[in-house]
6 protein chains.
Amino acid sequence: MAKAIDEFNQYREEMDQRILRSEHLGIKRFFALDHQAYEDGVLDSKTKELLGLVASIVLRCDDCITYHVLQCVKQGVKREEFLEVFNVALVVGGSITIPHLRRGFERLDAAIEDVQP
Amino acid sequence: MAKAIDEFNQYREEMDQRILRSEHLGIKRFFALDHQAYEDGVLDSKTKELLGLVASIVLRCDDCITYHVLQCVKQGVKREEFLEVFNVALVVGGSITIPHLRRGFERLDAAIEDVQP
Amino acid sequence: MAKAIDEFNQYREEMDQRILRSEHLGIKRFFALDHQAYEDGVLDSKTKELLGLVASIVLRCDDCITYHVLQCVKQGVKREEFLEVFNVALVVGGSITIPHLRRGFERLDAAIEDVQP
Amino acid sequence: MAKAIDEFNQYREEMDQRILRSEHLGIKRFFALDHQAYEDGVLDSKTKELLGLVASIVLRCDDCITYHVLQCVKQGVKREEFLEVFNVALVVGGSITIPHLRRGFERLDAAIEDVQP
Amino acid sequence: MAKAIDEFNQYREEMDQRILRSEHLGIKRFFALDHQAYEDGVLDSKTKELLGLVASIVLRCDDCITYHVLQCVKQGVKREEFLEVFNVALVVGGSITIPHLRRGFERLDAAIEDVQP
Amino acid sequence: MAKAIDEFNQYREEMDQRILRSEHLGIKRFFALDHQAYEDGVLDSKTKELLGLVASIVLRCDDCITYHVLQCVKQGVKREEFLEVFNVALVVGGSITIPHLRRGFERLDAAIEDVQP
């Protein structure tokens with residue numbers, strides 16, 4: 001599973017570079033805005049990553065969930081905090097989010113193990 | 001506009017009572033879970049309301065946005081913090097969320113005025 | 001409210017006729033397919049209207065909900081049966097469907113009154 | 001393919017247990033509500049599973065479709081009835097649901113074979 | 001109805017100015033990207049507005065549909081071309097888009113009248 | 001990757017034939033409408049395929065994206081034109097579409113290689 005995360009990160013980076021090398025100005029600027037949206041500001045980066053995670057779950061995007069789970073783990077989000085975010089997402093988004101929560105849990109356990117073995 | 005918020009609150013309460021009076025156990029329990037999801041826990045209530053707001057914007061539900069804007073104002077969320085949540089939602093959800101942000105801004109200004117006239 | 005339903009029906013019919021008079025063959029055929037999908041078959045029309053209703057709620061389309069609530073009332077669906085469909089939709093689609101359930105309840109009460117005053 | 005269904009069931013059960021062992025009360029209660037929504041009531045369990053299936057298709061969730069196809073087969077839903085549910089879902093949800101219908105058909109054939117070899 | 005379009009344009013402009021005056025850099029840049037995405041490039045502005053229209057219909061956003069209908073009329077898109085875009089959107093997005101097509105047709109007729117009285 | 005496209009095409013054709021052999025009249029007619037929507041008309045087939053592509057991206061359906069990328073390549077859509085469609089889709093649909101754009105880029109490169117080696 002740590003392997004699954006490595007593969008995700010590698011594919012993500014490789015494709016993002018391929019997209020950015022295509023030199024479309026609009027797309028490059030969008031990627032910059034996306035990056036900046038989660039930087040420390042009036043709200044700190046950790047809170048913003050939690051926002052990104054809940055948005056990813058209710059919109060049901062597995063890759064986005066994996067990405068924000070990893071970012072949240074880096075920001076020191078604890079397992080108990082993840083559970084509360086998952087709960088808000090589950091109540092807002094309904095049972096249709098459950099398959100994504102299953103994969104999110106799997107990614108979370110692997111990511112926490114990686115960081116705190 | 002403060003009038004618009006009053007009407008929203010009144011309709012919301014009246015219909016929720018009508019729904020709960022219908023005595024369907026599953027629906028009643030869902031409404032209880034929905035309420036509890038935003039209570040103080042490992043994450044505080046303010047953070048959870050921000051989560052509810054961002055989820056409402058990316059899922060593009062005007063009534064849900066109005067509700068969570070009001071809850072956030074009650075929790076003391078400042079205008080600058082709202083802007084950063086709106087920005088995350090806009091980047092994640094795209095320009096299709098803009099009409100909802102327009103109405104969200106309108107509700108926000110009215111709600112802040114009400115509380116801090 | 002019965003008035004709200006009358007207005008909905010009138011607008012719906014008027015616009016559908018305007019759309020069909022535009023003589024686009026693909027659109028006309030789609031409207032025919034849409035109509036036929038709810039006719040008696042291996043599953044009866046009542047069951048298919050329940051399917052249409054639950055799909056409309058989880059996809060959060062107020063006009064579609066109003067339409068299928070009216071069709072279900074015509075098919076003799078009882079208030080207790082509506083509650084169970086609403087409950088499935090609420091669990092599958094989450095709290096984001098609640099504003100649509102509020103309006104669905106309002107339409108339902110008005111529609112039942114109309115038919116069984 | 002029967003193997004694919006076995007793997008799906010195994011992963012689903014394993015992850016659901018891991019999620020429930022995490023002891024978050026809100027999540028546990030949601031899972032209970034989800035289970036109860038499909039039990040016999042004023043509408044029978046078979047009809048409710050059809051509702052769950054159509055909701056899963058229009059919301060385009062492959063795992064949810066697989067799950068409800070299996071439940072429907074257990075409830076004795078016949079191939080002809082599945083086709084009519086697929087048709088309602090296709091008309092309501094549009095051609096964007098077709099890739100999910102392809103996988104749904106594949107699961108359905110495998111599931112029917114398993115039960116009635 | 002021409003009045004409805006005037007009111008839409010006025011509200012849209014007023015709120016966009018209020019949002020931009022809030023001086024959040026990320027939001028301002030997003031609005032600029034949104035504007036630039038429809039400018040003449042390798043694809044001309046007319047084709048891009050058609051893309052914006054079909055995306056707005058399948059995502060079921062009334063305000064976005066109104067906006068792109070108006071832009072398309074300005075670009076000289078003819079009624080017959082609109083019908084073909086509506087047809088693609090209807091087939092891809094399903095009957096759940098029909099209420100939005102009704103309102104889209106209404107806006108279209110009003111917009112064409114305004115421009116070619 | 002050319003292999004991935006071959007497998008996609010083979011699975012797609014096999015399942016579509018299985019679905020059509022099931023002889024449900026509504027489903028067969030829907031598949032015919034779907035096919036006809038992209039034929040030359042007032043708008044040419046190339047423009048309609050671009051519409052199908054942008055709709056597939058904002059609705060986030062990988063298989064639909066692959067299909068329309070292939071159709072667009074057949075219609076002679078150039079890499080620079082794809083980039084502008086991707087940009088419109090990214091702005092309208094937000095960062096949640098990025099994982100689909102990654103896979104879309106991968107398919108695009110493979111498809112162009114196949115056709116213009």
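Throughout, protein chains are lettered first and strands after them, A, B, ... in sequence-line order, and every chain is numbered starting at 1.
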Which atoms of A:Glu84 come close to chain D, meaning under 4.5 Å heavy atom to heavy atom: side chain ones, backbone ones, both, or neither?
both

May I ask you to say whether A:Arg12 pairs ionically with A:Asp63, meaning some side-chain N is under 4.0 Å from a carboxylate O?
no

Answer with side chain, backbone, both or neither: which region of D:Arg29 has an atom nearer than 4.5 Å to a non-hydrogen atom of chain A?
neither

In a table with atom names and distances, give each donor-acceptor pair under 3.5 Å that connects a side chain of residues 33-43 of chain D to protein atoms at least two apart or in another chain.
unit_1, atom_1, unit_2, atom_2, d
D:Asp40, OD1, D:Ser45, N, 2.6

D:Phe31 versus chain A, the contacting section by heavy-atom distance below 4.5 Å:
side chain

Can we say D:Glu106 and D:Arg102 salt-bridge, meaning some charged N sits less than 4.0 Å from an Asp/Glu carboxylate O?
no

If you apply the rule side-chain contact (heavy atoms from CB on, under 4.5 Å), what do you find for D:Ile19 with A:Phe86, and how did you get there?
CA-CA 10 Å; D:Ile19 292 173; A:Phe86 287 177; over 6 Å; no

